[in-house]
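Written below as structure tokens is the structure these notes are about.
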Amino acid sequence: IGCYNVLIDAYGNNGQPFEAEKTLKLMRDMACIPNEDTFNFLMHAYRKAGEFEKAEDIFSLMQNLGYRPGILTYNTLIDVVGATGNCYKAEKVFEEMHSAGYVPNTSTYTLMISMYGKKRLSSKAEKLFQRMRRAQCPPSIFTFTALINAYAKEGLCEKAEKAFEYLQYLGYQPDVYLYNALLEAYSIGGYPAGASDVFSAMMKAGCMPDSVSYNILLDAFGRVGLYEDAERVLEAMRKTGFNPNLKTYMLLLRAYAKAGKVEEAEKLVSDMEAGGLEMDTFVCNCLLNAYGLAGRYDKMEELFLKMQSGCPKADISTYNTLINIFSQGGYTLKAEELFDSIRKEGLHPDLTTWTSLMGAYAKKKLYRKCVNIFQKMLNSGCRPD
RNA sequence: CUCAGUCCUUGAGGC
């Protein structure tokens with residue numbers, strides 16, 4: 001059984017969840033009884049591959065076979081349910097495990113807090129953190145990172161700062177992950193100077209910034225239009241020996257777009273191409289958005305035409321980006337036109353598509369149309385969030 | 001000991 005478990009785990013780590021599940025079948029054929037770890041490894045395998053529903057299925061399978069999932073398995077389940085974005089269901093699992101007699105541990109709470117952060121529900125994250133304290137469950141540096149990240153995503157720097165002071169008061173040593181989360185609070189909050197201060201503070205404390213830190217600092221300047229400062233961060237990053245990655249470039253691209261610097265944006269893209277980065281759909285979507293933000297609809301349409309003929313292929317995010325640009329610019333008709341062409345391309349509107357389209361009319365205060373679209377969205381089977 | 005934390009395109013208004 002140990003051998004089979006190791007094999008399943010290995011397949012999982014190698015991104016081969018289906019091989020892992022075959023191994024489970026094999027071991028059952030060989031009359032070898034799987035244990036809880038077996039199922040846990042299998043769930044991890046599916047989680048790693050992004051097959052969250054399959055991971056949930058394994059949990060059900062395990063229960064149907066008469067196993068009582070332990071706390072570790074429950075944690076994994078909460079993780080995968082949260083990854084599908086179904087907060088409500090994750091909460092249900094959390095309560096269910098409570099009533100099954102398990103006491104949530106530090107990981108359980110951290111997972112939940114992290115999930116709330118990703119969903120921009122910092123108040124829920126905060127409440128759960130308080131509940132954790134009341135339950136005398138000790139937080140870890142992971143927990144604090146998740147909490148500060150939840151605040152960061154909403155730009156609540158005062159709250160993030162308070163949590164930061166609190167963790168230090170409790171004797172925790174902030175690490176680079178923690179500092180990065182705090183940095184992002186200032187970045188998203190629109191305080192690049194504050195982010196700069198955190199950046200200096202972490203170095204002073206002997207915690208060396210990593211490439212993530214540089215990306216966040218760059219974005220702090222970029223998102224308020226200070227593209228030259230953003231460029232300086234990139235330069236500093238290179239000088240320190242960190243290679244800018246795709247995220248770095250996309251952040252800088254947005255910085256240029258916000259500042260209306262189309263020439264700089266195009267130069268960046270051609271530098272990227274020269275550097276061997278592939279101009280895939282994702283990158284082109286970013287570029288479309290950049291053109292749109294900068295008000296260069298001509299360039300935007302030109303690129304979109306190329307994408308419609310398939311190089312690289314337009315996806316639903318391409319349409320969402322364009323619909324959003326037109327919506328913001330007040331070009332409701334263009335937005336509608338694009339929306340109608342989605343199905344012709346064999347694509348399907350998603351939650352963002354519908355919301356963007358509603359946004360077009362919301363901006364014009366045509367609320368009746370919004371309700372209309374909302375109804376259509378429900379009819380099409382798209383669940384609102 | 002295992003499980004959990006930070007950065008990349010697209011969603012109105014407000015802060």
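The sequence lines fix the lettering, A, B, ..., with proteins before strands; numbering per chain opens at 1. When reading the values below, keep in mind they use all heavy atoms of this one structure, side chains included, and skip hydrogens, waters and symmetry mates. Bear in mind that the values here come from a model prediction, so they are computed numbers and not experimental data.
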Over how many whole Å does the gap from K247(A) atom NZ to U6(B) atom C1' extend? 10 Å
Selected nucleotide, minimal atom distance to R254(A) side chain, candidates C3(B), G5(B), U10(B): U10(B)
Once you apply a heavy-atom cut-off of 4.0 Å, does N245(A) come out as touching a base, just sugar-phosphate, or nothing? nothing
Any ion pair linking K22(A) and E19(A) (charged N to carboxylate O, less than 4.0 Å)? yes
Ring pair (Phe, Tyr, Trp, His ring centres under 6.0 Å) for F94(A) and Y102(A)? Distances and angles first, verdict last. CA-CA 10 Å; F94(A) 184 81; Y102(A) 293 108; over 10 Å; no
Pick base, sugar-phosphate or nothing for S356(A), based on heavy-atom distances below 4.0 Å to the nucleic acid. sugar-phosphate
What nucleotide, of C3(B), G5(B), G11(B), holds the atom closest to the side chain of F142(A)? G5(B)
Please work out if L147(A) contacts a base, only the sugar-phosphate, or nothing of the nucleic acid, heavy-atom cut-off 4.0 Å. nothing
Minimum-distance nucleotide to S317(A) side chain [options: G11(B), U9(B), C7(B)]: U9(B)
Record whether the side chain of N320(A) comes under 3.5 Å of the base of U10(B) through a donor-acceptor pair of N or O atoms. yes
Compute whether any side-chain donor of one residue and acceptor of the other, for E56(A) and Y46(A), lie under 3.5 angstrom apart. no
Here's a test of your reading of the structure: between D210(A) and L156(A), which maps to the more 5' nucleotide of RNA chain B? D210(A)
Got a donor-acceptor pair under 3.5 Å from the side chain of N324(A) to the base of U10(B)? no
Do NZ/NE/NH1/NH2 and the carboxylate oxygens of D29(A) and K25(A) come within less than 4.0 Å? no
Decide whether M112(A) and L72(A) are clustered together by the hydrophobic rule: side chain heavy atoms of Ile, Leu, Val, Met, Phe, Trp, Tyr closer than 4.5 Å, transitively. no
For the pair made of NZ in K118(A) and P in A4(B), what is the distance, rounded to whole Å? 11 Å
Listed nucleotide nearest any side-chain atom of V212(A), set G5(B), U6(B), U10(B): U6(B)
What is the distance, to the nearest angstrom, from the OH atom on Y109(A) to the P atom on C3(B)? 21 Å
Are OP1 or OP2 of A4(B) and a side-chain N or O of N75(A) less than 4.0 angstrom apart? no
If you measure from the Lys or Arg side-chain nitrogens to the Asp or Glu carboxylate oxygens, is any gap between K89(A) and E53(A) under 4.0 Å? no
Taking atom P of U6(B) as reference, at what distance in whole Å does atom CD1 of I141(A) sit? 13 Å
Among G13(B), C3(B), G5(B), which is the nearest nucleotide to the side chain of S107(A)? C3(B)
Counting any heavy atom closer than 4.0 Å, what does L111(A) reach on the DNA or RNA strands: base, sugar-phosphate only, or nothing? sugar-phosphate
Given U6(B), U10(B), C8(B), identify the nucleotide with an atom nearest to the side chain of T352(A). U10(B)
Which part of the nucleic acid, if any, lies within contact of R47(A), taking any heavy atom under 4.0 Å across all strands shown: a base, the sugar-phosphate backbone alone, or nothing? sugar-phosphate
So that I can tick it off, tell me whether E266(A) and K299(A) are bridged by a salt bridge, with the cut-off set at under 4.0 angstrom between side-chain N and carboxylate O. yes
Please work out if E154(A) contacts a base, only the sugar-phosphate, or nothing of the nucleic acid, heavy-atom cut-off 4.0 Å. nothing
Hey, does S140(A) reach any base, or is it just sugar-phosphate, or nothing, if we go heavy atoms under 4.0 Å? base
Can you check the I71(A) CD1 to C1(B) P distance for me, whole Å? 17 Å
Starting the side chain at C-beta, find the nucleotide from A12(B), C8(B), C7(B) nearest to N149(A). C7(B)
According to a strict under-4.0 Å criterion, is K153(A) in side-chain N/O contact with OP1 or OP2 of C7(B)? yes
Could you give the NZ-to-C1' distance, from K364(A) to G13(B), as a whole number of Å? 17 Å
Rounded distance (Å) that lies between atom P of G11(B) and atom CG of L293(A): 9 Å
Taking atom P of A12(B) as reference, at what distance in whole Å does atom CG of N372(A) sit? 20 Å
